[in-house]
Chemist: 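Below are the structure tokens for one structure; questions will follow.
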Amino acid sequence: NFDYFMNPTQHFSIRSAKGGYDHNFSYLVTCLETGEQCLIDPALPPETFDKYISSALTKIIITHTHGDHIAYLNAYQDMNPQPKIICHPLGKDKFQSFKIHPVQNEEKVTIGNLAFKILHTPGHYPDSICILLENILFTGDTLFVGRTGRVVSSGSNIQDLYHSVYDTILNLPQKTIIYPGHDYGDKSTISLDENIKISPLLQAIDENDFISKMNTYEQNR
């Protein structure tokens, strides 16, 4: 299952594929000016992108280190040992046999002529990051179409998730388009303003209201 997006200025393209453990997304981003590529979350095997991936794949960005999002990292490494692994420092111990570049909040990562801004967004998991490219935000499991990520696994923290979503993500321009880590909604991508309209979890008055809405969601999912 593929989707393809080329931005209007033709600076970059995004090829998304769905599969993996639970409707996971992997994203192959290409700088159209230089040909350099990065992969966001190796949740699907390299052959998924056989026709589109090149030797110019220089970075693999990990939104967080849950196993389904890094399931095929070794396979990509076997195919091409060149790419650096971009992750939050809290997740770096899982990649000791790889070339690692830990990234801090608001750090910039370049792919060809593209500049990605890293946003640390803990809550679903301590090492969760989102990746901002112009008006597109790759959100991993922090934010989906129609809802936020869950906080039921070890290391999750609902207060952290609230602040990551409400203080960081929802302060971005409302026309920002999210590209999530799983296909859990009625469509694969959505703008922030549209997402707020359809998701009670994005309409909380304050932190306590968010926690209450999350509890209601979990009881009824």
Side-chain angles (χ1 to χ4, degrees), residues 3 5-16 25-43 56-66 69-70 73 83-92 95 98-145 148-149 160-182 188-196 202:
D3 196 10
F5 169 80
M6 181 182 293
N7 83 318
T9 58
Q10 296 190 338
H11 291 319
F12 63 88
S13 67
I14 301 170
R15 193 170 296 276
S16 61
F25 282 122
S26 287
Y27 299 103
L28 181 67
V29 183
T30 304
C31 172
L32 297 176
E33 295 171 348
T34 67
E36 191 172 337
Q37 295 179 314
C38 76
L39 182 78
I40 297 176
D41 283 352
L57 177 70
T58 61
K59 295 180 176 71
I60 296 176
I61 306 178
I62 308 296
T63 62
H64 66 295
T65 56
H66 276 156
H69 290 261
I70 59 175
L73 183 57
K84 285 184 179 179
I85 308 304
I86 308 297
C87 65
H88 191 269
L90 291 174
K92 67 179 182 179
F95 308 116
F98 297 90
K99 293 185 292 186
I100 309 169
H101 176 69
V103 286
Q104 301 288 347
N105 186 47
E106 299 196 348
E107 186 170 335
K108 296 289 180 64
V109 173
T110 59
I111 308 294
N113 293 335
L114 306 176
F116 294 72
K117 184 178 182 180
I118 303 299
L119 301 174
H120 184 210
T121 52
H124 174 73
Y125 207 54
D127 63 10
S128 289
I129 60 172
C130 293
I131 303 109
L132 183 65
L133 174 62
E134 296 188 6
N135 69 322
I136 289 171
L137 185 71
F138 300 94
T139 55
D141 285 4
T142 299
L143 183 62
F144 300 118
V145 174
T148 68
D160 285 348
L161 181 65
Y162 170 78
H163 290 290
S164 291
V165 171
Y166 278 81
D167 297 343
T168 299
I169 295 177
L170 296 187
N171 276 328
L172 296 172
Q174 294 296 286
K175 295 301 181 183
T176 301
I177 300 169
I178 70 163
Y179 278 60
H182 293 266
S188 58
T189 65
I190 195 169
S191 64
L192 287 179
D193 57 350
E194 290 179 286
N195 213 14
I196 292 169
L202 300 179

Chemist: Taking all heavy atoms of C38 and all of I111, pick out the closest pair and write down the distance.
Modeler: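 That closest heavy-atom pairing would be CB-CD1, 3.6 Å.
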Chemist: If you measure from CG on D167 to CG on D160, what distance do you get to the nearest 0.5 Å?
Modeler: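 With rounding to 0.5 Å, CG (D167) is 11.0 Å from CG (D160).
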Chemist: Considering all heavy atoms of both residues, which atom of A43 and which atom of F25 are nearest to each other, and what is their separation?
Modeler: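 Heavy-atom minimum between the residues: CB-O, 4.3 Å.
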Chemist: Within a strict 4.5 Å, meaning less than it, do heavy atoms of the L57 and L28 side chains meet?
Modeler: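 Counting from C-beta outward, L57 and L28 do come under 4.5 Å.
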Chemist: Looking at every heavy atom in both G181 and F144, which two are closest together, and how far apart are they?
Modeler: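 Closest approach of G181 to F144, heavy atoms only: N-CE2, 4.2 Å.
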Chemist: D127 and G91: which non-hydrogen atoms are nearest, and at how many Å?
Modeler: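 It is OD2-CA, 3.4 Å.
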Chemist: Report yes if the side chains of I100 and C87 come closer than 4.5 Å at any heavy-atom pair, otherwise no.
Modeler: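 Yes; the side chains approach each other to less than 4.5 Å.
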Chemist: Of the non-hydrogen atoms in L90 and P126, which two are nearest, and what is the gap between them?
Modeler: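 In terms of heavy atoms, the two residues are closest at CD1-O, 3.4 Å.
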Chemist: Any side-chain hydrogen bond (donor to acceptor under 3.5 Å, both in side chains) involving residues 102-115? Give me the pairs, sequence neighbours left out, ordered by first then second residue.
Modeler: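 Checked against side-chain hydrogen bond (donor to acceptor under 3.5 Å, both in side chains) - neighbours excluded - the pairs reaching residues 102-115 are E33-N113, H101-E107.
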Chemist: First locate atom OG1 of T63, then atom CD1 of I86, and finally report the distance between them rounded to the nearest 0.5 Å.
Modeler: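 The CD1 atom of I86 is 13.5 Å from OG1 of T63, to the nearest 0.5 Å.
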Chemist: Is there a side-chain contact between V109 and V103 in this structure, where contact means two heavy atoms from C-beta onward sitting under 4.5 Å apart?
Modeler: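 With C-beta onward as the side chain, the pair touches.
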Chemist: Can you measure from CD1 (I169) to OG1 (T176) and round to the nearest 0.5 angstrom?
Modeler: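 Here the interatomic distance stands at 10.0 Å.
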Chemist: Look only at the side chain of T30 and the backbone of G35, and say whether a donor-acceptor pair between them is shorter than 3.5 Å.
Modeler: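 Not confirmed, T30 side chain does not pair with G35 backbone.
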Chemist: To the nearest 0.5 Å, tell me how far I177 CD1 sits from L172 CG.
Modeler: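 Spacing of CD1 (I177) from CG (L172) equals 12.5 Å.
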Chemist: Just how far is it from atom CD1 of I178 to atom CD of E194, taken to the nearest 0.5 Å?
Modeler: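 Those atoms lie 10.0 Å apart.
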Chemist: Any side-chain heavy atom of K175 within less than 4.5 Å of one from D193?
Modeler: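 In contact.
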Chemist: Apply side-chain contact (heavy atoms from CB on, under 4.5 Å) to residues F116 and V29 and explain how you reach the verdict.
Modeler: CA-CA 11 Å; F116 294 72; V29 183; 3.8 Å; yes
Chemist: Kindly give the heavy-atom pair with the smallest separation between G112 and E36, and that separation in Å.
Modeler: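 Taking G112 first and E36 second, the nearest heavy atoms are N-OE1, 3.0 Å.
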Chemist: Sequence neighbours excluded and cut-off under 3.5 Å, please list the side-chain donor-acceptor pairs for residues 129-142, or say none.
Modeler:
| unit_1 | atom_1 | unit_2 | atom_2 | d |
| --- | --- | --- | --- | --- |
| E134 | OE1 | N7 | ND2 | 3.4 |
| T139 | OG1 | L143 | O | 2.7 |
| D141 | OD1 | H69 | NE2 | 3.1 |
| D141 | OD1 | H182 | NE2 | 3.3 |
| D141 | OD2 | H64 | NE2 | 3.3 |
| D141 | OD2 | H69 | NE2 | 3.1 |
| D141 | OD2 | H124 | NE2 | 3.3 |
| D141 | OD2 | H182 | NE2 | 3.4 |
| T142 | OG1 | T121 | OG1 | 3.3 |

Chemist: Rounded to the nearest 0.5 Å, what separates atom OH in Y166 from atom OG1 in T148?
Modeler: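 Y166 OH to T148 OG1: 8.0 Å, rounded to 0.5 Å.
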Chemist: Look at the aromatic rings of F95 and F98 and report parallel, tilted or perpendicular, splitting at 30° and 60°.
Modeler: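 F95 and F98: perpendicular rings.
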